[in-house]
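Worksheet: the structure to be examined is printed underneath.
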Amino acid sequence: MQETKQLRQAVMRTTVLMAVIIEIISLFFTKGFNLHFAYGLAVGTAVADVNFTLLAFMLEKAVIRQKKSAIIFYSLGFVGRLAIFGGAFYLCYVTSQIAGLSCVIGFITVQLAIYFCKFVLKKGI
């Protein structure tokens with residue numbers, strides 16, 4: 001339990017760092033600061049962090065349940081997390097297409113952070 005908490009904290013710190021790096025890189029491609037890109041990236045990163053936390057929580061709870069109950073619990077959790085992703089993307093895409101694209105990039109920041117922690121920092125995942 002404590003290892004999971006430490007891992008989540010390391011991944012979340014790295015996720016925010018990745019989002020800041022992506023925003024700095026975007027300054028060169030968007031010819032300055034673009035509020036829609038920053039908005040989408042912030043929403044995507046926040047939703048990805050929440051999704052990662054929910055996934056860890058659901059895995060911990062699914063392990064202590066009976067098999068049939070765990071399958072139902074985890075399936076409902078999957079649908080809920082998918083709806084959160086879809087709602088965030090729709091919210092950003094309605095704002096602008098750039099915000100929608102950067103929201104998807106924000107979704108990827110957690111995966112980038114996990115790879116960074118595992119292969120560069122050599123923290124156990």
Side-chain angles (χ1 to χ4, degrees):
M1 185 74 112
Q2 188 66 10
E3 289 179 14
T4 306
K5 187 175 182 179
Q6 290 175 347
L7 175 63
R8 281 196 322 243
Q9 289 174 349
V11 169
M12 285 188 185
R13 280 193 303 268
T14 310
T15 299
V16 171
L17 178 67
M18 294 288 177
V20 169
I21 291 170
I22 291 169
E23 180 60 39
I24 291 171
I25 291 170
S26 78
L27 294 176
F28 298 109
F29 293 107
T30 59
K31 298 178 183 175
F33 182 75
N34 187 332
L35 186 62
H36 290 285
F37 187 88
Y39 167 73
L41 186 64
V43 169
T45 302
V47 167
D49 276 343
V50 167
N51 180 52
F52 183 68
T53 303
L54 286 174
L55 181 64
F57 173 77
M58 300 205 71
L59 283 173
E60 288 174 358
K61 297 300 178 188
V63 168
I64 61 173
R65 291 179 179 258
Q66 298 294 328
K67 184 177 181 180
K68 187 174 182 179
S69 173
I71 291 172
I72 294 170
F73 177 74
Y74 198 72
S75 298
L76 290 175
F78 173 77
V79 171
R81 289 184 298 110
L82 190 61
I84 292 171
F85 271 123
F89 175 73
Y90 180 74
L91 179 72
C92 289
Y93 188 77
V94 167
T95 303
S96 74
Q97 290 180 346
I98 292 175
L101 174 67
S102 62
C103 182
V104 172
I105 293 171
F107 292 161
I108 298 171
T109 56
V110 170
Q111 285 82 10
L112 292 174
I114 290 171
Y115 291 134
F116 184 80
C117 287
K118 181 163 178 75
F119 296 117
V120 176
L121 300 179
K122 304 287 187 196
K123 292 191 178 195
I125 293 182

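It should be emphasised that the depicted structure is a prediction, and the values quoted were computed from it without experimental measurement.
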Query raised in the report: Other than L35, what residues sit in its cluster of Ile, Leu, Val, Met, Phe, Trp and Tyr side chains whose heavy atoms are under 4.5 Å apart, directly or through others?
Result: L27, F33
Query raised in the report: What residues, two or more places apart in sequence or in another chain, satisfy side chain to side chain contact (heavy atoms under 4.5 Å, CB included) together with I24?
Result: V20
Query raised in the report: When clusters are formed from ILVMFWY side-chain contacts under 4.5 Å, directly or step by step, what else is grouped with L76?
Result: I72
Query raised in the report: Quick one: do M12 and L41 end up in the same hydrophobic cluster if we chain Ile, Leu, Val, Met, Phe, Trp and Tyr together by side-chain heavy atoms under 4.5 Å apart?
Result: no
Would you list the atom pairs, donor with acceptor, under 3.5 Å between side chains in residues 49-57 and any protein atom, with sequence neighbours excluded?
from, atom 1, to, atom 2, distance (Å)
N51, OD1, R81, NH1, 3.0
T53, OG1, D49, O, 3.0

Report task. Decide if atom CD of Q66 counts as having more than 12 heavy atoms of other residues, nucleotides or ligands within a radius under 6.0 Å. Result -> no
Query raised in the report: Mind checking whether M58 and I114 sit in one hydrophobic cluster, side chains of I, L, V, M, F, W, Y counted as touching below 4.5 Å?
Result: no
Report task. Among V104, V43, V47, find the one that has a side-chain contact (heavy atoms from CB on, under 4.5 Å) with C92. Result -> V43
Report summary line: With sequence neighbours left out, the residues meeting side chain to side chain contact (heavy atoms under 4.5 Å, CB included) with L82 are F78
Query raised in the report: Are Y74 and L59 close enough that some pair of their side-chain heavy atoms sits under 4.5 Å apart?
Result: yes
Query - Partners meeting side chain to side chain contact (heavy atoms under 4.5 Å, CB included) with L91 (sequence neighbours left out) - result: Y39
Requested in this report: Only pairs at least two apart or in different chains count here, so list each ring-ring contact (aromatic ring centres under 6.0 Å, His included) that has a residue in residues 81-101.
Outcome: F85-F107, F89-Y93
Query raised in the report: According to the side chain to side chain donor-acceptor pair (under 3.5 Å) rule, which pairs have a member within residues 103-113, sequence neighbours left out?
Result: none
Query raised in the report: Could you give the distance from OG1 (T14) to CD1 (I21), rounded to the nearest 0.5 Å?
Result: 9.5 Å
**Report entry** Single-linkage hydrophobic cluster, 4.5 Å side-chain cutoff, V120 and I22 together
**Finding:** yes
Report task. For atom CD1 of I98, decide whether the heavy atoms of other residues, nucleotides or ligands shown that lie under 6.0 angstrom number more than 12. Result -> no
Requested in this report: For T30, enumerate each residue passing the side chain to side chain contact (heavy atoms under 4.5 Å, CB included) test, keeping only those at least two apart in sequence or located in another chain.
Outcome: N34
Query raised in the report: Members other than F28 in its cluster, when Ile, Leu, Val, Met, Phe, Trp, Tyr link by side-chain heavy atoms under 4.5 Å?
Result: none
**Report entry** C117 versus A10, closest heavy-atom pair with distance
**Finding:** SG-O, 4.1 Å
**Report entry** Closest approach of A99 to S102 (non-hydrogen atoms, all atoms of both residues)
**Finding:** O-OG, 3.1 Å
